[in-house]
There are 2 protein chains.
Amino acid sequence: MNEKKRIHILETAMVLFNQNGFDSTPTSKIAKKAKISVGTLFNYFPTKSELIQAIYVEVKIHSRKTFLIHLKDNASEHDNLQSMWKAVINWGVDNPEEFKYLEMFSSSPYINQFKNEKTLETYQKFRESILEALSPTSICNEYPKYLLMYIDNALHAATRYIINNQHIHNVDHFINQSFDLIWHGFVKK
Amino acid sequence: MNEKKRIHILETAMVLFNQNGFDSTPTSKIAKKAKISVGTLFNYFPTKSELIQAIYVEVKIHSRKTFLIHLKDNASEHDNLQSMWKAVINWGVDNPEEFKYLEMFSSSPYINQFKNEKTLETYQKFRESILEALSPTSICNEYPKYLLMYIDNALHAATRYIINNQHIHNVDHFINQSFDLIWHGFVKK
DNA sequence: AAATAAAATGACTGATTAATCACTTATCAA
DNA sequence: TTGATAAGTGATTAATCAGTCATTTTATTT
């Protein structure tokens with residue numbers, strides 16, 4: 001087993017899955033594009049399902065590394081949430097394949113095998129720090145779970161918007177505006 | 001051909017597709033559950049793909065009927081958007097299977113065959129009236145397409161939240177709060 | 001009641017698939 | 001050089017699936 005080859009298989013498969021979906025991407029095509037045999041593919045990943053989930057885990061680990069850099073304890077709630085906002089969106093824009101894969105995986109039946117799992121635990125802390133910042137004063141503070149869904153959805157929408165409209169002149173300005181829109185909603189008058 | 005049987009097939013297939021996804025629901029199972037033969041199924045819908053899309057069209061037509069009732073010309077922007085907000089969410093909560101199907105279809109490759117299509121045109125007017133109400137004054141008014149995505153995502157999140165958390169005591173109160181959260185974001189200070 | 005048309009049936013086909021496994025090739029320590 | 005282990009191969013297998021079609025059943029007309 002060779003870690004570089006493993007990553008190579010994961011990346012090749014991710015691109016093909018993004019292009020054709022999980023069920024329309026036969027293992028034979030993945031092997032062909034990765035220039036290995038089907039047998040080798042199944043040496044590295046015992047089942048197609050495990051391959052699909054291994055990609056998810058890899059992408060999650062990769063994205064988490066980027067996000068954690070941007071959390072600072074001493075900053076204000078506004079600044080912390082804003083820098084998180086920018087970091088998450090920029091990661092998606094810089095890694096569109098990974099971003100697309102996360103969206104596809106999350107809206108597929110495979111995600112169910114991941115509910116209440118380790119990978120989500122580290123994100124949990126991330127989420128808790130968002131809630132600590134927002135919940136006490138925000139509109140909707142009775143529904144913290146909804147607040148998280150709401151932020152998550154807006155983050156995804158903003159990222160998708162940039163990826164699908166690459167003609168946007170000033171991406172940073174858009175990101176700031178999208179943050180203001182959501183932040184503005186939170187602050188009680 | 002019998003319209004009642006056609007609807008029966010559509011409803012049966014919708015439930016199975018929701019349970020197992022498009023690719024893990026063989027036509028044979030749909031026929032079995034609908035208590036017809038595979039042959040009959042293919043008499044009504046020449047291909048599986050056409051069945052999948054026929055369900056989408058049917059659900060869209062059904063949902064549109066409900067929404068249109070709630071638009072009033074004489075009301076204020078706030079009241080109009082709020083009553084739209086309530087109507088859309090309540091439709092989803094009252095029709096969870098249909099709602100789930102729309103979400104699944106929209107995040108599947110089948111949706112691509114529907115971009116720039118008639119079914120979306122009637123929704124287009126709906127969207128335009130939202131933009132007319134919001135864009136001129138709102139934060140993010142430079143990005144009207146994003147505003148629509150943002151509202152759409154929030155609507156879906158709120159609906160999903162209610163469906164997945166049926167213990168919520170006062171659903172109306174939650175819907176109002178979720179609307180305030182988003183409306184509050186729009187209004188410039 | 002007989003003739004005709006329409007609707008329904010389900011065993012079957014051909015294509016595709018994930019996964020296997022008997023075999024070959026590469027690696028490397030003794 | 002040898003022998004042992006690990007890595008890689010791809011034809012093959014067994015299963016599944018969308019879609020077909022010759023036949024039967026039901027409905028309608030004459």
Side-chain angles (χ1 to χ4, degrees), chain A residues 1-59 101 104-105 107-114, chain B residues 1-59 101 104-105 107-114:
Chain A
M1 299 281 182
N2 173 329
E3 181 61 15
K4 277 199 175 176
K5 187 174 275 186
R6 194 179 153 271
I7 297 291
H8 173 65
I9 297 172
L10 290 174
E11 283 171 352
T12 308
M14 179 176 68
V15 173
L16 285 175
F17 284 140
N18 278 343
Q19 276 168 3
N20 315 313
F22 293 125
D23 290 292
S24 300
T25 307
T27 48
S28 58
K29 271 202 187 132
I30 299 170
K32 204 173 196 175
K33 185 145 191 239
K35 293 188 177 169
I36 54 163
S37 72
V38 205
T40 304
L41 179 64
F42 280 92
N43 281 346
Y44 279 81
F45 305 97
T47 66
K48 187 183 179 181
S49 172
E50 280 172 75
L51 167 62
I52 290 169
Q53 294 181 39
I55 300 172
Y56 179 72
V57 171
E58 208 68 34
V59 173
Y101 191 87
M104 202 177 64
F105 188 91
S107 64
S108 83
Y110 293 101
I111 191 67
N112 294 323
Q113 296 166 305
F114 265 92
Chain B
M1 299 281 180
N2 173 329
E3 180 61 14
K4 276 199 176 177
K5 188 174 275 184
R6 193 178 152 272
I7 298 292
H8 174 64
I9 296 172
L10 289 173
E11 282 171 353
T12 309
M14 180 176 67
V15 173
L16 285 175
F17 284 140
N18 278 344
Q19 276 167 4
N20 315 313
F22 293 124
D23 290 293
S24 300
T25 308
T27 48
S28 57
K29 271 202 187 132
I30 298 170
K32 203 173 197 175
K33 185 142 193 243
K35 291 187 179 171
I36 54 163
S37 70
V38 205
T40 304
L41 178 64
F42 280 92
N43 281 346
Y44 280 80
F45 305 96
T47 65
K48 187 182 179 181
S49 173
E50 280 173 76
L51 167 62
I52 290 170
Q53 294 181 40
I55 300 172
Y56 179 71
V57 171
E58 208 67 34
V59 173
Y101 192 86
M104 203 177 64
F105 188 91
S107 64
S108 82
Y110 293 101
I111 190 67
N112 294 323
Q113 296 165 302
F114 264 92

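To find a chain, count down the sequence lines: A is the first, B the second, and so on, and within it residues start at 1.
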- Query: Within the pair A/S37 and D/dG10, is there a side-chain N or O less than 4.0 Å away from OP1 or OP2?
  - Reply: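 For A/S37, the contact criterion (side-chain N or O under 4.0 Å from OP1 or OP2 of D/dG10) is not met.
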- Query: Does B/T27 have a side-chain nitrogen or oxygen under 4.0 Å from the phosphate oxygens OP1 or OP2 of D/dA18?
  - Reply: yes
Looking across every strand, which nucleic acid part, if any, lies under 4.0 Å from [X] by heavy atom: base, sugar-phosphate, or nothing?
X: B/S24; value: nothing
X: B/S49; value: nothing
X: B/Y44; value: sugar-phosphate
X: A/K5; value: sugar-phosphate

Rounding to an integer number of Å, can you tell me how far [X] [atom1] sits from [N] [atom2]?
X: B/N43; N: D/dC21; atom1: CG; atom2: P; value: 13 Å
X: A/F45; N: D/dG8; atom1: CZ; atom2: P; value: 12 Å
X: B/E50; N: D/dA18; atom1: CD; atom2: P; value: 14 Å
X: A/N2; N: D/dA7; atom1: CG; atom2: P; value: 9 Å
X: B/L41; N: D/dC21; atom1: CG; atom2: P; value: 17 Å
X: B/F42; N: D/dT20; atom1: CZ; atom2: C1'; value: 10 Å
X: B/D23; N: D/dA18; atom1: CG; atom2: P; value: 9 Å
X: B/L16; N: D/dC17; atom1: CG; atom2: P; value: 13 Å

Kindly indicate whether the side chain of [X], heavy atoms from C-beta on, has any atom under 4.5 Å from the side chain of [Y].
X: B/F22; Y: B/M104; answer: yes
X: A/Q53; Y: A/S49; answer: yes
X: B/Y110; Y: B/I55; answer: no

Would you give the length of the straight line joining atom [atom1] of [X] to atom [atom2] of [Y], rounded to the nearest 0.5 angstrom?
X: B/L16; Y: B/I30; atom1: CG; atom2: CD1; answer: 6.0 Å
X: B/L51; Y: B/R6; atom1: CG; atom2: CZ; answer: 9.5 Å
X: A/T27; Y: A/F45; atom1: OG1; atom2: CZ; answer: 13.0 Å

- Task: Please check if the side chain of B/Y44 supplies one atom and the backbone of B/N2 the other of a donor-acceptor pair under 3.5 Å.
- Result: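 It does hold such a pair.
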- Result for 5'-nearest mapping on DNA chain C, choosing between A/G39 and A/P26, is A/P26
- For chain B, the stretch of DNA chain C it reaches, first to last nucleotide, under 4.0 Å of its heavy atoms: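 Range of nucleotides touched by chain B: C/dA7 to C/dG10.
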